[in-house]
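Here the structure comes first, spelled out in structure tokens, and everything after it is commentary.
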Protein chains: 2
Amino acid sequence: MDVRTLCLGVLYQGEASGYEIKKAFEEGAFSHFQDASFGSIYPALGRLSSEGLVDCTQMAQEKRPDKKVYKLTDKGNDALITSILVPPSPDKYASDFFFVLYFAELLPIPQVALLLDQRITFYKNTIERMSECDLSTIPEGRQLCHGLGMTVYQSSLDYLEKHKDSFLNKLKIPSQNTPFTNSNRHAS
Amino acid sequence: MDVRTLCLGVLYQGEASGYEIKKAFEEGAFSHFQDASFGSIYPALGRLSSEGLVDCTQMAQEKRPDKKVYKLTDKGNDALITSILVPPSPDKYASDFFFVLYFAELLPIPQVALLLDQRITFYKNTIERMSECDLSTIPEGRQLCHGLGMTVYQSSLDYLEKHKDSFLNKLKIPSQNTPFTNSNRHAS
DNA sequence: AGGGACATGTAATTAGTTACATGATTGT
DNA sequence: ACAATCATGTAACTAATTACATGTCCCT
């Protein structure tokens, strides 16, 4: 999904400045499944404004720099609907954690232990942060996203906590496994 | 993780051609957490070869185009280890599915039903494909990746199947929820 | 005095994707 | 006859990120 549509999505939830839109990708709900930086948000907002998909109001603030508050127009709302009407393209997932874990046998065991502990901490923090969210007032779609996301984080945490120790123990014992051959190379 | 390191990772599992490396990202284990296209794999392999991290052997084949088979050198092996020794950067996840689901209230209900059904099918197919993999012969790290991945897919599938119908029913009834205000905008 | 939050914006760079170019073989 | 699989590679393009530029206020 391009940054323009992402901005329309954030703005659908209420008017916001570029800075606030960035926060939606950093700390808000979108942080779990989309991302965008200032360098792409500001130009996108400029284009969106010139095309009439958003309205921009300059706001003077006390003891803070000026703010440009953007608001979705009816045309912008239609553009958002059109964008979500097309079948979604497949998820893009890039995880260095999984890549490193995949080659765990090449690392010193304390390094693997640290890797898993940091991942466990990440899951715990994320779950705690998401738990603070009041679900009763948000629309259905958002509730399902929240529930599905929570499930993923919670089951990942449970799995790692359950298997961590035995995994680390198995790494200590030089593997009795069949060494690599071409027969088990590209397993799914 | 850059494509060069990704190639070293695939090659660590056994020698392969550029075409075969691509398949590891399409159908193989890496497909779940990394991606790379021909346009980045072939130049990466060229650089890796000129830097002595891989060896290249030209293979003539009957009734098939020639093949260039790449093999990890000791230097390449060291480079892979160095790469996985640095603390992994955070996962990058971009999901149009979640984005669309987030705004489910803007879509016709049959469209939402289709979205969920296709997601359920995707999870089922993925789980089936992963189940075919023989775990007994693969190293520990790969086994943990497989287990963690399976857990994520399975719990996502379970969650969607459990909540799908009630979710769709709730969408049919015009929401009794508090309409949007600034107070529930950027919930985590 | 130094860092972090607030606030906007541009320019340089990068790292990739998509499309193109070529061509045999096998299956439908 | 057409699509898919096998096989390698380049060029054009795009869409983003990172770094830079500027400035105030607040907290420690």
Side-chain angles (χ1 to χ4, degrees), chain A residues 1-8 10-11 15-28 30-31 33-50 54 56-70 83 89-94 96 99 186, chain B residues 1-8 10-11 15-28 30-31 33-50 54 56-70 83 89-94 96 99 186:
Chain A
M1 202 67 82
D2 57 48
V3 179
R4 296 177 74 236
T5 309
L6 258 25
C7 288
L8 294 178
V10 177
L11 258 18
E15 50 178 49
S17 64
Y19 191 86
E20 285 164 347
I21 289 172
K22 176 77 200 301
K23 282 208 297 186
F25 297 113
E26 251 169 22
E27 306 158 23
F30 289 98
S31 66
F33 54 86
Q34 296 289 346
D35 202 12
S37 63
F38 284 128
S40 57
I41 291 169
Y42 285 121
L45 249 17
R47 258 191 72 193
L48 249 16
S49 190
S50 71
V54 299
C56 178
T57 315
Q58 197 106 21
M59 306 277 256
Q61 292 185 116
E62 314 157 15
K63 310 202 171 184
R64 284 261 159 258
D66 279 9
K67 219 191 221 199
K68 282 185 181 177
V69 176
Y70 294 90
S83 295
S89 54
D91 292 7
K92 284 173 193 76
Y93 183 52
D96 285 2
F99 186 81
H186 299 298
Chain B
M1 202 66 81
D2 58 46
V3 178
R4 295 176 75 234
T5 309
L6 258 26
C7 288
L8 294 178
V10 176
L11 259 16
E15 49 178 48
S17 64
Y19 192 86
E20 285 162 348
I21 289 172
K22 177 77 199 300
K23 281 207 297 183
F25 296 113
E26 250 168 22
E27 306 157 24
F30 289 98
S31 65
F33 53 87
Q34 297 289 347
D35 202 12
S37 63
F38 284 128
S40 57
I41 291 169
Y42 285 121
L45 250 15
R47 258 191 70 192
L48 250 16
S49 191
S50 71
V54 299
C56 177
T57 316
Q58 197 106 20
M59 305 279 255
Q61 291 185 115
E62 314 157 18
K63 307 202 173 185
R64 283 262 160 257
D66 279 8
K67 219 192 217 191
K68 282 186 181 176
V69 176
Y70 294 89
S83 296
S89 54
D91 292 8
K92 285 173 192 77
Y93 183 51
D96 285 3
F99 186 80
H186 298 299

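Throughout, a chain's letter reflects where its sequence line sits, starting with A, and its residues are numbered from 1. In this text, all values refer to a predicted model and were calculated from it rather than measured experimentally.
- Between the CG atom of Leu45(A) and the P atom of dT10(C) there is a distance of 12 Å, rounded to whole Å.
- Following rounding to the nearest Å, Asp2(B) (CG) and dA15(C) (P) show an atom-to-atom distance of 8 Å.
- Taking the six-membered ring for Trp and thresholds of 30 and 60 degrees, Phe25(A) and Phe30(A) have ring planes inclined between 30 and 60 degrees apart.
- Closest heavy-atom contact between Gly18(B) and Leu45(B): CA-CD2, 3.7 Å.
- In this structure, Leu11(A) CG and Ser17(A) OG are separated by 9.5 Å, a value rounded to the nearest 0.5 Å.
- Over its length, the helix from dA1(C)-dT28(D) to dT28(C)-dA1(D) turns its helix axis by 40°, as judged from the five terminal pairs at each end, rounded to 10°.
- A cation-pi geometry, defined here as NZ or CZ lying under 6.0 Å from the six-membered ring centre and within 45° of its normal, holds between Lys22(B) and Phe38(B).
- Minimum atom distance to the side chain of Glu20(A) is reached by dA7(C), of the listed dG16(C), dA7(C), dT17(C).
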* Verdict with supporting geometry, Phe99(A) and Thr5(B), side-chain contact (heavy atoms from CB on, under 4.5 Å) -> CA-CA 10 Å; Phe99(A) 186 81; Thr5(B) 309; 4.0 Å; yes
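- Once you apply a 4.0 Å limit to the heavy atoms of chain B, the touched nucleotides of DNA chain D run 5' to 3' over dT5(D) to dT10(D).
- Using a distance-only test at 3.5 Å, with no hydrogens or angles considered, no donor-acceptor pair links the side chain of Asp66(A) to the main chain of Ala60(A).
- Rounding to the nearest 0.5 angstrom, the gap separating the CG atom in Leu6(B) from the OG atom in Ser40(B) is 8.5 Å.
- Atom-to-atom, CG of Asp66(B) to P of dT25(C) comes out at 13 Å; the value is rounded to the nearest Å.
- Atom pair Tyr19(B):OH and dA24(C):P shows a separation of 17 Å (rounding to whole Å applied).
- Note that the CD atom of Gln34(A) and the CE atom of Met1(A) stand 6.5 Å from one another [nearest 0.5 Å].
- Rounded to an integer number of Å, the gap from CE of Met1(B) to C1' of dG16(C) is 16 Å.
- Taking atom OH of Tyr42(B) as the reference point, atom P of dG16(C) lies 17 Å away to the nearest angstrom.
- Among the heavy atoms of the strands lying under 4.0 Å from Gly18(B) are primed sugar atoms or P, OP1, OP2 only; no base atom is included.
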* Asked: Please walk me through it: do Cys7(A) and Leu48(A) pass side-chain contact (heavy atoms from CB on, under 4.5 Å)?
  -> CA-CA 9 Å; Cys7(A) 288; Leu48(A) 249 16; 4.0 Å; yes
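- Atom pair Lys23(A):NZ and dG4(C):P shows a separation of 16 Å (rounding to whole Å applied).
- Atom-to-atom, CD1 of Ile41(A) to P of dC6(C) comes out at 14 Å; the value is rounded to the nearest Å.
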